[in-house]
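Reviewing the structure listed below.
Letters A, B, ... are given to chains in the order of the sequence lines, protein chains preceding strands, and every chain is numbered from 1.
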Amino acid sequence: MADLTFVAMTVVTVGGAILALEADEIVYGAIALAGSFFGVAALFFLLNAPYVAVFQITVYIGAVAVLILFTVMLVRQESWAKEASPRSLTRLGGILTGLVMAVALGLAMAGSDLSKYNSLQNTMGFLEIGQLISTNFSIVLEVLALVLAASIVSALFLAKVEKEEKRQ
Amino acid sequence: MNTLADFVLVSAMLFAIGIYGLIVKRSALRMVFAVEIMINAANLNFVAFNQLLPKAANNIIGQTFVLFSIALAAGEAAVILAIVVVAYRLHKDTDVSELKTLKG
(Lines give C-alpha, C1' and ligand atoms only; values in the text may rest on other atoms or scores of the structure.)
Protein backbone atom coordinates (compact mmCIF):
# COMPACT_ATOMS: atom_id res chain seq x y z
CA MET A 1 0.00 0.00 0.00
CA ALA A 2 1.10 3.50 -0.72
CA ASP A 3 1.85 5.62 2.30
CA LEU A 4 0.42 9.00 3.20
CA THR A 5 3.27 11.17 1.87
CA PHE A 6 3.02 9.52 -1.51
CA VAL A 7 -0.75 10.08 -1.72
CA ALA A 8 -0.41 13.73 -0.67
CA MET A 9 2.32 14.39 -3.23
CA THR A 10 0.33 12.63 -5.94
CA VAL A 11 -2.61 14.92 -5.22
CA VAL A 12 -0.31 17.96 -5.41
CA THR A 13 1.27 16.78 -8.66
CA VAL A 14 -1.84 15.73 -10.56
CA GLY A 15 -4.02 18.49 -9.13
CA GLY A 16 -1.40 21.10 -10.00
CA ALA A 17 -1.19 19.77 -13.55
CA ILE A 18 -4.97 19.90 -14.02
CA LEU A 19 -5.18 23.37 -12.48
CA ALA A 20 -2.32 24.60 -14.71
CA LEU A 21 -4.36 23.75 -17.79
CA GLU A 22 -7.81 24.69 -16.50
CA ALA A 23 -7.33 27.76 -14.27
CA ASP A 24 -9.21 30.81 -15.58
CA GLU A 25 -6.35 33.23 -14.94
CA ILE A 26 -3.24 31.99 -16.73
CA VAL A 27 -1.04 33.50 -13.97
CA TYR A 28 -2.63 31.14 -11.46
CA GLY A 29 -2.07 28.35 -13.99
CA ALA A 30 1.66 29.13 -14.06
CA ILE A 31 1.81 29.06 -10.24
CA ALA A 32 -0.08 25.75 -10.19
CA LEU A 33 2.45 24.40 -12.71
CA ALA A 34 5.24 25.30 -10.27
CA GLY A 35 3.31 23.36 -7.60
CA SER A 36 3.11 20.37 -9.92
CA PHE A 37 6.89 20.54 -10.47
CA PHE A 38 7.36 20.59 -6.70
CA GLY A 39 5.17 17.50 -6.35
CA VAL A 40 7.30 15.65 -8.91
CA ALA A 41 10.43 16.68 -6.98
CA ALA A 42 8.90 15.20 -3.81
CA LEU A 43 8.19 11.97 -5.72
CA PHE A 44 11.88 11.91 -6.72
CA PHE A 45 12.76 12.15 -3.03
CA LEU A 46 10.45 9.20 -2.32
CA LEU A 47 12.21 7.26 -5.08
CA ASN A 48 15.53 7.67 -3.27
CA ALA A 49 16.88 10.14 -5.82
CA PRO A 50 17.66 13.28 -3.78
CA TYR A 51 20.15 14.71 -6.27
CA VAL A 52 17.62 14.63 -9.11
CA ALA A 53 14.98 16.09 -6.78
CA VAL A 54 17.14 19.06 -5.83
CA PHE A 55 18.11 19.53 -9.47
CA GLN A 56 14.42 19.52 -10.38
CA ILE A 57 13.66 22.17 -7.75
CA THR A 58 16.52 24.46 -8.78
CA VAL A 59 16.07 24.16 -12.53
CA TYR A 60 12.32 23.72 -12.91
CA ILE A 61 10.94 25.85 -10.09
CA GLY A 62 13.88 28.22 -9.94
CA ALA A 63 14.36 28.80 -13.66
CA VAL A 64 11.59 27.42 -15.87
CA ALA A 65 8.60 28.35 -13.70
CA VAL A 66 9.95 31.86 -13.13
CA LEU A 67 10.66 32.22 -16.87
CA ILE A 68 7.08 31.14 -17.63
CA LEU A 69 5.72 33.60 -15.05
CA PHE A 70 7.66 36.48 -16.61
CA THR A 71 6.47 35.52 -20.09
CA VAL A 72 2.87 35.36 -18.88
CA MET A 73 3.24 38.88 -17.51
CA LEU A 74 4.93 40.13 -20.71
CA VAL A 75 2.21 38.84 -23.02
CA ARG A 76 -0.58 39.63 -20.61
CA GLN A 77 -3.76 40.52 -22.41
CA GLU A 78 -6.45 42.71 -20.96
CA SER A 79 -9.01 39.96 -21.20
CA TRP A 80 -7.62 36.50 -20.60
CA ALA A 81 -11.18 35.59 -19.77
CA LYS A 82 -12.13 35.61 -23.44
CA GLU A 83 -9.44 33.05 -24.20
CA ALA A 84 -11.33 31.17 -26.88
CA SER A 85 -12.98 28.29 -25.08
CA PRO A 86 -12.57 25.12 -27.16
CA ARG A 87 -15.50 23.64 -28.99
CA SER A 88 -17.19 20.94 -26.99
CA LEU A 89 -16.32 18.36 -29.65
CA THR A 90 -12.60 19.15 -29.33
CA ARG A 91 -12.84 19.05 -25.56
CA LEU A 92 -14.63 15.69 -25.69
CA GLY A 93 -11.99 14.33 -28.06
CA GLY A 94 -9.19 15.52 -25.80
CA ILE A 95 -10.76 14.01 -22.68
CA LEU A 96 -11.42 10.73 -24.51
CA THR A 97 -7.86 10.52 -25.86
CA GLY A 98 -6.39 11.21 -22.44
CA LEU A 99 -8.67 8.66 -20.78
CA VAL A 100 -7.90 5.97 -23.36
CA MET A 101 -4.18 6.65 -22.92
CA ALA A 102 -4.39 6.45 -19.12
CA VAL A 103 -6.54 3.29 -19.16
CA ALA A 104 -4.29 1.56 -21.70
CA LEU A 105 -1.17 2.34 -19.68
CA GLY A 106 -2.92 1.26 -16.48
CA LEU A 107 -4.00 -2.05 -18.02
CA ALA A 108 -0.51 -2.66 -19.35
CA MET A 109 0.80 -2.05 -15.86
CA ALA A 110 -1.80 -4.34 -14.27
CA GLY A 111 -0.52 -7.14 -16.53
CA SER A 112 3.04 -6.61 -15.41
CA ASP A 113 4.60 -7.53 -12.07
CA LEU A 114 5.68 -3.97 -11.32
CA SER A 115 3.70 -3.92 -8.08
CA LYS A 116 6.02 -6.57 -6.64
CA TYR A 117 8.96 -4.19 -6.64
CA ASN A 118 9.69 -1.99 -3.71
CA SER A 119 10.41 1.61 -4.65
CA LEU A 120 13.58 1.72 -2.53
CA GLN A 121 15.74 -0.99 -4.05
CA ASN A 122 18.81 0.95 -5.01
CA THR A 123 20.75 3.05 -2.61
CA MET A 124 22.37 5.83 -4.57
CA GLY A 125 25.40 7.92 -3.88
CA PHE A 126 26.24 11.42 -5.04
CA LEU A 127 29.74 10.13 -5.71
CA GLU A 128 28.57 7.70 -8.40
CA ILE A 129 26.56 10.37 -10.23
CA GLY A 130 29.55 12.68 -10.27
CA GLN A 131 31.85 9.93 -11.51
CA LEU A 132 29.41 8.87 -14.21
CA ILE A 133 28.90 12.43 -15.47
CA SER A 134 32.60 13.25 -15.53
CA THR A 135 33.80 9.99 -17.10
CA ASN A 136 31.34 8.05 -19.27
CA PHE A 137 29.10 10.99 -20.05
CA SER A 138 31.71 13.76 -20.28
CA ILE A 139 31.14 14.23 -24.02
CA VAL A 140 27.38 14.39 -23.46
CA LEU A 141 27.95 17.05 -20.83
CA GLU A 142 30.01 19.13 -23.25
CA VAL A 143 27.43 18.81 -26.01
CA LEU A 144 24.70 19.72 -23.54
CA ALA A 145 26.59 22.86 -22.57
CA LEU A 146 26.83 23.81 -26.26
CA VAL A 147 23.10 23.18 -26.76
CA LEU A 148 22.22 25.32 -23.74
CA ALA A 149 24.47 28.15 -24.93
CA ALA A 150 22.98 27.94 -28.42
CA SER A 151 19.41 28.00 -27.09
CA ILE A 152 20.10 31.02 -24.87
CA VAL A 153 21.77 32.90 -27.74
CA SER A 154 18.92 32.04 -30.11
CA ALA A 155 16.33 33.17 -27.57
CA LEU A 156 18.14 36.49 -27.18
CA PHE A 157 18.46 36.80 -30.96
CA LEU A 158 14.74 36.19 -31.48
CA ALA A 159 13.82 38.92 -29.03
CA LYS A 160 16.45 41.40 -30.26
CA VAL A 161 15.70 41.37 -34.01
CA GLU A 162 12.11 42.21 -33.29
CA LYS A 163 13.14 45.25 -31.27
CA GLU A 164 15.28 46.66 -34.09
CA GLU A 165 12.51 46.22 -36.59
CA LYS A 166 10.15 48.10 -34.33
CA ARG A 167 12.50 51.07 -34.12
CA GLN A 168 12.63 51.57 -37.88
CA MET B 1 5.34 0.88 1.35
CA ASN B 2 5.18 2.33 -2.13
CA THR B 3 5.66 0.04 -5.07
CA LEU B 4 7.00 0.98 -8.46
CA ALA B 5 3.54 0.56 -9.99
CA ASP B 6 2.29 3.56 -7.95
CA PHE B 7 4.91 5.87 -9.40
CA VAL B 8 4.40 4.64 -12.96
CA LEU B 9 0.65 5.16 -12.51
CA VAL B 10 1.22 8.80 -11.48
CA SER B 11 3.45 9.18 -14.53
CA ALA B 12 0.72 7.78 -16.79
CA MET B 13 -1.83 10.20 -15.32
CA LEU B 14 0.50 13.17 -15.89
CA PHE B 15 1.10 12.06 -19.46
CA ALA B 16 -2.64 11.73 -20.13
CA ILE B 17 -3.23 15.23 -18.74
CA GLY B 18 -0.49 16.56 -21.03
CA ILE B 19 -2.06 14.87 -24.07
CA TYR B 20 -5.44 16.39 -23.15
CA GLY B 21 -3.88 19.85 -22.86
CA LEU B 22 -2.11 19.60 -26.21
CA ILE B 23 -5.32 18.56 -27.97
CA VAL B 24 -7.79 20.94 -26.35
CA LYS B 25 -5.88 24.16 -25.62
CA ARG B 26 -5.22 26.70 -28.36
CA SER B 27 -3.27 29.21 -26.29
CA ALA B 28 0.46 28.84 -26.93
CA LEU B 29 1.31 29.25 -23.24
CA ARG B 30 -1.09 26.50 -22.18
CA MET B 31 0.49 24.21 -24.77
CA VAL B 32 3.90 24.96 -23.26
CA PHE B 33 2.43 23.96 -19.87
CA ALA B 34 1.19 20.68 -21.37
CA VAL B 35 4.59 19.89 -22.91
CA GLU B 36 6.37 20.56 -19.61
CA ILE B 37 3.93 18.26 -17.79
CA MET B 38 4.62 15.48 -20.30
CA ILE B 39 8.39 15.93 -19.91
CA ASN B 40 7.92 15.59 -16.15
CA ALA B 41 6.00 12.35 -16.66
CA ALA B 42 8.86 10.94 -18.76
CA ASN B 43 11.44 11.97 -16.15
CA LEU B 44 9.41 10.30 -13.41
CA ASN B 45 9.37 7.08 -15.45
CA PHE B 46 13.15 7.20 -15.88
CA VAL B 47 13.79 7.55 -12.17
CA ALA B 48 11.20 4.90 -11.26
CA PHE B 49 12.53 2.27 -13.63
CA ASN B 50 16.06 3.04 -12.52
CA GLN B 51 15.15 1.09 -9.36
CA LEU B 52 14.94 -2.10 -11.43
CA LEU B 53 18.61 -2.01 -12.41
CA PRO B 54 20.83 -4.60 -10.71
CA LYS B 55 23.02 -3.48 -7.86
CA ALA B 56 26.18 -2.66 -9.73
CA ALA B 57 28.50 0.30 -9.97
CA ASN B 58 26.47 2.02 -12.68
CA ASN B 59 23.04 1.51 -11.19
CA ILE B 60 22.17 5.22 -11.29
CA ILE B 61 22.30 5.65 -15.04
CA GLY B 62 18.58 6.49 -15.19
CA GLN B 63 19.00 9.33 -12.73
CA THR B 64 21.94 10.68 -14.73
CA PHE B 65 19.76 10.61 -17.83
CA VAL B 66 17.12 12.67 -16.05
CA LEU B 67 19.71 15.31 -15.17
CA PHE B 68 20.47 15.76 -18.87
CA SER B 69 16.78 15.69 -19.73
CA ILE B 70 15.95 18.44 -17.21
CA ALA B 71 18.73 20.66 -18.58
CA LEU B 72 17.51 20.11 -22.16
CA ALA B 73 13.94 20.95 -21.12
CA ALA B 74 15.17 24.22 -19.63
CA GLY B 75 16.86 25.22 -22.91
CA GLU B 76 13.77 24.22 -24.86
CA ALA B 77 11.52 26.30 -22.59
CA ALA B 78 13.73 29.36 -23.12
CA VAL B 79 13.44 29.13 -26.92
CA ILE B 80 9.69 28.42 -26.91
CA LEU B 81 8.96 31.33 -24.59
CA ALA B 82 11.04 33.69 -26.76
CA ILE B 83 9.00 32.56 -29.78
CA VAL B 84 5.78 33.19 -27.83
CA VAL B 85 6.91 36.71 -26.95
CA VAL B 86 7.81 37.45 -30.60
CA ALA B 87 4.49 36.03 -31.82
CA TYR B 88 2.65 38.18 -29.30
CA ARG B 89 4.48 41.31 -30.52
CA LEU B 90 3.62 40.53 -34.14
CA HIS B 91 0.02 39.42 -33.70
CA LYS B 92 -1.06 40.74 -30.28
CA ASP B 93 -2.33 37.24 -29.62
CA THR B 94 -1.00 33.89 -28.44
CA ASP B 95 -3.74 31.78 -30.00
CA VAL B 96 -1.92 29.28 -32.22
CA SER B 97 -4.82 29.02 -34.68
CA GLU B 98 -4.38 32.74 -35.44
CA LEU B 99 -0.68 32.43 -36.30
CA LYS B 100 -0.89 31.70 -40.00
CA THR B 101 2.12 33.64 -41.29
CA LEU B 102 4.11 30.50 -42.11
CA LYS B 103 1.15 28.64 -43.56
CA GLY B 104 1.78 27.71 -47.21
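Heavy atoms of other residues, nucleotides or ligands lying less than 6.0 angstrom from CZ of Phe45(A) number more than 12. No more than 12 heavy-atom neighbours from other residues, nucleotides or ligands sit within 6.0 angstrom of CD1 on Ile139(A). Within a 6.0 Å radius of CZ in Phe55(A), more than 12 heavy atoms belonging to other residues, nucleotides or ligands are found.
For the pair Gln63(B) (side chain) and Asn50(B) (backbone), a donor-acceptor distance under 3.5 Å is absent.
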Task: Chi angles and distances behind the side-chain contact (heavy atoms from CB on, under 4.5 Å) call for Phe68(B), Val140(A) - done: CA-CA 8 Å; Phe68(B) 293 136; Val140(A) 182; 3.9 Å; yes
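With a 4.5 angstrom heavy-atom cutoff, Phe137(A) touches chain B via backbone and side-chain atoms both. For Ile83(B), the parts sitting under 4.5 Å from any heavy atom of chain A are the backbone and the side chain alike. For Leu144(A), the part lying under 4.5 angstrom from a heavy atom of chain B is the side chain only. Heavy atoms of Val52(A) lying under 4.5 Å from chain B belong to its backbone as well as its side chain. For Leu14(B), the part sitting under 4.5 Å from any heavy atom of chain A is the side chain, from C-beta outward, and nothing else. Contact of Ile95(A) with chain B is made through backbone and side chain together, with heavy-atom distances under 4.5 Å. Using a 4.5 Å cut-off between heavy atoms, Ile19(B) touches chain A through its side chain atoms alone. Interface remark: Ala30(A) contributes backbone and side-chain atoms alike to the contact with chain B (heavy atom separation under 4.5 Å). If you measure heavy-atom distances from Leu141(A) to chain B, the contacts under 4.5 Å come from both the backbone and the side chain.
Here the straight-line distance linking atom CD of Glu76(B) with atom CD1 of Ile39(B) works out to 4.5 Å at 0.5 Å rounding.
With respect to chain B, the highest number of heavy-atom pairs below 4.5 Å among Leu43(A), Leu105(A), Val14(A) belongs to Leu43(A). Contact tally against chain A (heavy-atom pairs below 4.5 Å) for Val85(B), Val8(B), Val32(B): the top residue is Val8(B). The residue among Ile18(A), Leu96(A), Thr5(A), Ile68(A) with the most heavy atom pairs within less than 4.5 Å of chain B is Ile68(A). Contacts with chain B were tallied for Leu92(A), Ile152(A), Leu33(A); Leu33(A) has the most, counting heavy-atom pairs under 4.5 Å. Interface remark: of the candidates Ala41(B), Ser11(B), Ala82(B), Ala82(B) forms the most heavy-atom pairs closer than 4.5 Å to chain A.
Remark: Ser154(A) pairs with no residue by the side-chain hydrogen bond (donor to acceptor under 3.5 Å, both in side chains) rule, at least two apart or across chains. Residues meeting the side-chain hydrogen bond (donor to acceptor under 3.5 Å, both in side chains) test with Glu22(A), sequence neighbours left out: Tyr20(B).
Smallest separation of non-hydrogen atoms from Ser36(A) and Gly16(A): CB-C, 3.9 Å.
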